[in-house]
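So that we are looking at the same thing, I have put the structure below in structure tokens.
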Amino acid sequence: MNWRAPVRLVVLALWLVACVTAYYLLALLPGRNPVPPVFLAGVAFIAGVHITVEGQRPRRAMLLANHVSWLDIPALAATARSAFVAHDGLQGHPVFKALCEMNDTVFIARSQRHTVSRQVDQIRAAIDECDVLTLFPEGTTGPGDALLPIKSSLLSAIDPPPRDVPVVPVLLQYRDPQGIAWLGDQPGAENFMAIMGRAQPVELTVQFLPPLKGEELAGRKAMAAAVEQRLAAALGLANKATKA
């Protein structure tokens, strides 16, 4: 382990303590607590992420982004002040669950279709509270220089989309995806420490693409196909069949 990882970990721990303190001091104020997006933006900075933004940052939207790394979350919080949709498995980790709940995370049970109506209500409430909410419709992290099939089943909770809320595809493109992507059986702690120990900055472009429109919004499968086509085109890839 080089010196960068432990130094960044100490700074991250101090930043966490400061932000948790500020969060509870501001918890009684009306509206969304401003601290979580600031905390996540700080995590990106501490990890050495340099972000370039392309396209128009939405003030209110449902973002559908490709997923490469845990860094995607602080990056989208930094650029769009986004809250997130996460799978309910994270609820089994008390620390992660507490931090996710502070940022108004919506937990969804992927395998329980009978909960879709409740998930729809949760997502619409989260957008009303946070204005911007992100879902990663690949369902897991990919290699960064290619796309995994977009799973239309993960879009059930936004079918139909909340009224007056644009559905915006977002491409997260890392300059060094092989050194960033969290793939296969690699332990999360190993990936985290590798990134925290990097000498080179993490160069990331966050590209907000035009919102879906017209027939692209005609159901979850249409949305999945449109998002996959948009992201593949922005990444310079031939489109692949969408997985239901």
Side-chain angles (χ1 to χ4, degrees), residues 53-69 72-73 75-76 79-80 82-88 106-124 126-127 131-174 177 181-183 204-244:
V53 176
E54 296 181 357
Q56 186 173 357
R57 307 186 203 204
R59 294 186 177 182
R60 179 175 171 84
M62 184 76 211
L63 306 182
L64 301 180
N66 64 311
H67 200 11
V68 183
S69 167
D72 302 345
I73 292 171
L76 286 170
T79 55
S82 181
F84 297 88
V85 178
H87 65 83
D88 59 350
V106 177
F107 294 103
I108 61 173
R110 297 176 181 173
S111 61
Q112 300 178 22
R113 295 295 181 90
H114 65 277
T115 66
V116 167
S117 61
R118 180 171 59 83
Q119 292 168 11
V120 169
D121 293 339
Q122 289 177 310
I123 283 177
R124 294 181 180 182
I127 292 176
D131 290 325
V132 179
L133 188 65
T134 297
L135 187 150
F136 298 108
E138 290 168 296
T140 187
T141 49
D145 54 1
L147 294 175
L148 300 178
I150 301 298
K151 297 181 178 179
S152 65
S153 58
L154 295 181
L155 304 183
S156 297
I158 58 167
D159 181 11
R163 182 175 298 179
D164 300 324
V165 178
V167 178
V168 178
V170 181
L171 179 67
L172 302 169
Q173 190 166 19
Y174 292 86
W182 179 10
L183 296 173
L204 169 62
T205 299
V206 179
Q207 185 178 0
F208 295 99
L209 302 174
L212 302 187
K213 60 183 179 180
E215 292 300 313
E216 293 177 324
L217 295 169
R220 61 183 179 86
K221 291 190 176 183
M223 285 189 283
V227 169
E228 188 165 322
Q229 290 168 359
R230 299 278 195 95
L231 294 179
L235 201 53
L237 302 172
N239 191 30
K240 299 178 181 180
T242 298
K243 182 177 180 180

Tell me the closest heavy-atom pair linking Pro177 and Pro143, and the distance in Å.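 Looking at all heavy atoms of both residues, the shortest contact is CB-O, 3.4 Å.
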Closest approach of Pro162 to Ile127 (non-hydrogen atoms, all atoms of both residues):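 Smallest interatomic distance, heavy atoms only, reads CG-CD1, 4.0 Å.
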Give me the atom names and distance for the closest heavy-atom approach of Ser152 to Arg220. OG-NH1, 2.8 Å
Any side-chain heavy atom of Thr134 within less than 4.5 Å of one from Val170?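 The answer is no, as the side chains (C-beta and beyond) never meet within the 4.5 Å cut-off.
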Which heavy atom in Asp164 sits nearest to a heavy atom in Arg60, and how many Å separate them?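 Nearest pair, atom of Asp164 first, then Arg60: O-NE, 4.0 Å.
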Candidate list Tyr174, Phe84, Phe136, test ring pair (Phe, Tyr, Trp, His ring centres under 6.0 Å), partner His67, passing option: Phe136
Measure the shortest side-chain to side-chain distance between Leu172 and Leu76 over non-hydrogen atoms and say whether it is less than 4.5 angstrom. yes
Taking every non-hydrogen atom, the tightest pair across Leu154 and Glu138: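 Minimum heavy-atom contact is CD1-C, 4.4 Å.
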Rounded to the nearest 0.5 Å, what separates atom CD in Gln229 from atom CD1 in Ile150? 11.0 Å
Are Leu209 and Leu231 close enough that some pair of their side-chain heavy atoms sits under 4.5 Å apart?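 They are in contact (side-chain heavy atoms under 4.5 Å apart), so the answer is yes.
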Hey, does the side chain of Glu216 reach the backbone of Lys213 with a donor-acceptor pair shorter than 3.5 angstrom? yes
For the pair Gln56 and Phe208, evaluate side chain to side chain contact (heavy atoms under 4.5 Å, CB included) and give the outcome as yes or no after the intermediate values. CA-CA 6 Å; Gln56 186 173 357; Phe208 295 99; 5.8 Å; no
Under the criterion side chain to side chain contact (heavy atoms under 4.5 Å, CB included), I'd like the reasoning laid out for Met62 against Val85: C-alpha separation, chi angles, the key distance, then a yes or no. CA-CA 10 Å; Met62 184 76 211; Val85 178; 4.2 Å; yes
Kindly compute the distance separating OG1 (Thr141) from CG (Asp72), expressed to the nearest 0.5 Å. 8.5 Å
Considering all heavy atoms, the nearest Met223-Pro161 contact: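 Nearest heavy atoms, Met223 then Pro161: SD-CG, 4.0 Å.
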Contact between Leu155 and Leu135 at the side-chain level, heavy atoms closer than 4.5 Å - yes or no? yes
Single hit among Leu171, Leu212, Leu64, Leu235 for side-chain contact (heavy atoms from CB on, under 4.5 Å) with Arg230: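 So the option named by the test is Leu212.
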